[in-house]
Visitor: 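Here's a structure for you.
Both ligands and their constituent atoms are indexed starting at 1 by order of listing. The analysis underlying the following values was restricted to heavy atoms, covering all of them including side chains, and did not include hydrogens, waters or symmetry mates.
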Amino acid sequence: MAIKIAIFASGAGSNTQRIIDYFKGNSNVQVRLIVCNNAEAGVLRIALNERITSLLIERSRFFKEASYLPILTEYGIDWIILAGFLWKIPEKMIEAYPHRIINIHPALLPKYGGKGMYGHHVHQAVLDAGDHESGITIHFVDEQYDHGLTIFQAKCPVANDDTPDSLAQKVHILEHKYFPQIIEQVILKKNKR
Ligand code: GAR
């Protein structure tokens, strides 16, 4: 039976689209559910177009310990992938999915992580610091923001004339290239054990 993943996303969903495309026709891994906390998010349209069930979640219920877990169980979710999801994952969910929640962060952690560090805030901070490189970090999720064990990093150069937008574009290229294949590697490896 296919390993089922839920993608948690609350933005445009470009990573979600890549992950869906990557696993299309793959009998080992199925994108079963899109979980979103923003009714306006582009990712909901992607779910609709791709005929994947979406679940619009609500803040108070999400943070009430374990209250969405039964739904994940109902859909048989084995892994959770955070692709632009900005809420902290509650402890009970982490306990229910030990080393089975993977996040992507648009910088080279441990730099530029933590609460409030998402999207353009991250790229602006990299530019403000005058760094010559940035990149992506794919990591397991633990109880702290952007903190769990790093699985993979890739780098891109930062040019003197980069803006948050141009840097975001470079970072997105890395994300789209690596995130789906790293997800596949990690989950197939773990499921073999
Ligand atoms: C991605 O760049 C991801 O790394 C970032 O949100 C973007 C979502 O883009 N995540 C964070 O900043 C988490 N702290 P997308 O909606 O086009 O996939």
Visitor: May I ask whether Ile34 and Ile104 are part of the same hydrophobic cluster, defined by side-chain heavy atoms of I, L, V, M, F, W, Y residues being less than 4.5 angstrom apart, directly or through others?
Guide: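 Yes, Ile34 and Ile104 fall within the same hydrophobic cluster.
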Visitor: Looking only at heavy atoms, what is the nearest atom pair of Val122 and Ala107, with distance?
Guide: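 Val122 and Ala107 have their closest heavy atoms at CG1-CB, 3.4 Å.
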Visitor: Nearest to atom 17 (O) of ligand 1, what protein heavy atom do you find, and at what distance?
Guide: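 Of the protein heavy atoms, Ser14 OG, 2.5 Å lies nearest.
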Visitor: Return yes if a side-chain donor-acceptor contact under 3.5 Å exists between Gln17 and Asp21, otherwise no.
Guide: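 A donor-acceptor contact under 3.5 Å links the two side chains.
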Visitor: Please give me the minimum heavy-atom distance between Ser14 and His176, naming the atom from each residue.
Guide: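 Shortest heavy-atom contact: OG-NE2, 2.8 Å.
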Visitor: Hey, which atoms in ligand 1 end up nearer than 4.0 Å to a heavy atom of Gly119?
Guide: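 Going through ligand 1 atom by atom, the ones under 4.0 Å from Gly119 are 12 (O).
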Visitor: Report the nearest protein non-hydrogen atom to atom 16 (O) of ligand 1: residue, atom name, distance rounded to 0.1 Å.
Guide: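 So the nearest neighbour among protein heavy atoms is Gly13 N, 2.7 Å.
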Visitor: I'd like to check whether Tyr118 has a polar contact with ligand 1, where a contact means an N/O of the residue lying under 3.5 Å from an N/O of the ligand.
Guide: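 Min N/O separation from ligand 1 is not below 3.5 Å for Tyr118.
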Visitor: Flag Ala83 as yes when one of its N or O atoms lies below 3.5 Å from any N or O atom of ligand 1, and as no otherwise.
Guide: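 No, no N or O pair falls under 3.5 Å.
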Visitor: For ligand 1, which part of Met117 has a heavy atom less than 4.0 Å away: the side chain, the backbone, both, or neither?
Guide: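 Met117 to ligand 1: backbone contact only, side chain stays beyond 4.0 Å.
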Visitor: If hydrophobic clusters are built from ILVMFWY residues whose side chains come within less than 4.5 Å, do Ile151 and Phe23 share one?
Guide: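 Yes.
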Visitor: Mind checking the CD1-CD1 spacing from Ile81 to Ile5? Nearest 0.5 Å is all I need.
Guide: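 Nearest 0.5 Å value for the CD1-CD1 distance: 5.0 Å.
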Visitor: Salt-bridge test for Arg18 and Glu175: reply yes if a basic N is under 4.0 Å from a carboxylate O, no otherwise.
Guide: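 Salt bridge: no.
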Visitor: Counting non-hydrogen protein atoms only, what is the nearest one to atom 11 (C) of ligand 1? Give residue, atom name and distance.
Guide: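 The protein heavy atom lying closest is Pro106 CD, 3.5 Å.
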Visitor: Is there a polar contact, in the sense of an N or O pair closer than 3.5 Å, between Asn103 and ligand 1?
Guide: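 No, since none of the N or O atoms of Asn103 sits under 3.5 Å from an N or O of ligand 1.
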Visitor: Under a 4.5 Å side-chain heavy-atom rule over Ile, Leu, Val, Met, Phe, Trp and Tyr, are Val35 and Tyr75 clustered together?
Guide: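 Both belong to a single hydrophobic cluster.
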Visitor: Measuring from atom CG of Asp78 to atom CD of Gln30, what distance do you get when rounded to the nearest 0.5 angstrom?
Guide: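 If I round to the nearest 0.5 Å, the distance is 10.0 Å.
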Visitor: Quick one: nearest non-hydrogen protein atom to atom 3 (C) of ligand 1, plus distance?
Guide: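 Of every protein heavy atom, Glu175 OE2, 3.4 Å lies nearest to atom 3 (C) of ligand 1.
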Visitor: Identify, by atom number and element, the atoms of ligand 1 in contact range of Ala12, meaning under 4.0 Å from any of its heavy atoms.
Guide: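 Answer, ordered by atom number: 16 (O).
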Visitor: For residues Ile77 and Trp79: do they belong to one hydrophobic cluster (side chain heavy atoms under 4.5 Å, members Ile, Leu, Val, Met, Phe, Trp, Tyr)?
Guide: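 No; Trp79 is not reachable from Ile77 via cluster members.
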Visitor: Would you say Ala9 touches ligand 1, if touching means a heavy atom closer than 4.0 Å?
Guide: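 Judged by the 4.0 Å heavy-atom criterion, Ala9 does not count as contacting ligand 1.
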Visitor: Look at atom 6 (O) of ligand 1 and say which protein heavy atom is nearest, naming residue and atom and giving the distance to 0.1 Å.
Guide: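 Looking only at protein heavy atoms, the one closest to atom 6 (O) of ligand 1 is Gly84 CA, 3.5 Å.
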Visitor: Does Thr16 reach ligand 1 with a nitrogen or oxygen that is under 3.5 Å from one of the ligand's nitrogen or oxygen atoms?
Guide: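 By distance alone, the answer is no.
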Visitor: Could you tell me if any non-hydrogen atom of Val122 lies under 4.0 Å from any atom of ligand 1?
Guide: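 Heavy atoms of Val122 never come under 4.0 Å of ligand 1.
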Visitor: Could you tell me the residue and atom name of the protein heavy atom closest to atom 9 (O) of ligand 1, and the distance to it rounded to 0.1 Å?
Guide: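 Ranking protein heavy atoms by distance from atom 9 (O) of ligand 1, first comes His172 NE2, 3.3 Å.
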